[in-house]
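Here's the structure we're looking at; comments come further down.
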Amino acid sequence: MNNKKVPFNAPLYPLDTELQTMGCRANNPDICGNNGLSGICAFASDDGICRKPSRAWKKQYQKLKEGKNDTK
């Protein structure tokens with residue numbers, strides 16, 4: 001994955017779960033409290049996985065998993 005910023009509504013990647021995302025799905029990564037934290041932030045991890053997505057991610061993950069691609 002070249003671009004580690006992924007739109008919040010983008011289709012799921014195989015490594016996406018309720019607890020992690022492939023790339024950063026934060027709407028504004030610059031204000032994310034975990035931005036740049038090694039081993040947690042997608043931008044600071046060699047594998048590009050965010051290990052602490054936003055609280056809204058769990059609900060969005062379920063929507064995407066069910067095939068509902070809503071904006072909220």
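Just the heavy atoms: all of them, side chains too, but no hydrogens, waters or symmetry mates, feed the values below. This is a predicted model, so every value here is computed, not measured.
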Nearest heavy atoms of Leu15 and Gln20, plus distance in Å: O-NE2, 2.9 Å

Restricting to non-hydrogen atoms, name the atom on Pro53 and the atom on Leu19 that form the minimum distance, rounded to 0.1 Å. CD-O, 3.3 Å

Show me, pair by pair, the donor-acceptor contacts under 3.5 angstrom made by side chains of residues 26-42, not counting sequence neighbours?
| unit_1 | atom_1 | unit_2 | atom_2 | d |
| --- | --- | --- | --- | --- |
| Asn28 | OD1 | Asp30 | N | 3.2 |
| Asn35 | ND2 | Pro29 | O | 2.6 |

Any donor-acceptor N/O pair, Lys4 side chain to Ser45 backbone, under 3.5 Å: yes

Can a donor-acceptor pair be found, under 3.5 Å and without considering hydrogens, that links the side chain of Trp57 to the backbone of Thr17? yes

Does Cys50 offer a backbone N or O that forms a donor-acceptor pair with the side chain of Arg25 under 3.5 Å? no

How close do Phe8 and Ala56 get, heavy atom to heavy atom, and via which atoms? CZ-O, 3.9 Å

Return the set of residues passing salt bridge (charged side-chain N to carboxylate O under 4.0 Å, His left out) with Asp47 (not counting sequence neighbours), or none when no residue passes. Arg51

Assess whether side chain to side chain contact (heavy atoms under 4.5 Å, CB included) is satisfied between Gln60 and Asn9, documenting all intermediate values. CA-CA 8 Å; Gln60 180 66 7; Asn9 297 318; 2.9 Å; yes

Residue pair Tyr61 / Glu18: nearest heavy atoms and the distance that separates them: CD2-CG, 3.3 Å

Starting from the C-alpha separation in whole Å, work towards a yes-or-no answer on side chain to side chain contact (heavy atoms under 4.5 Å, CB included) for Thr21 and Val6. CA-CA 9 Å; Thr21 62; Val6 178; over 6 Å; no

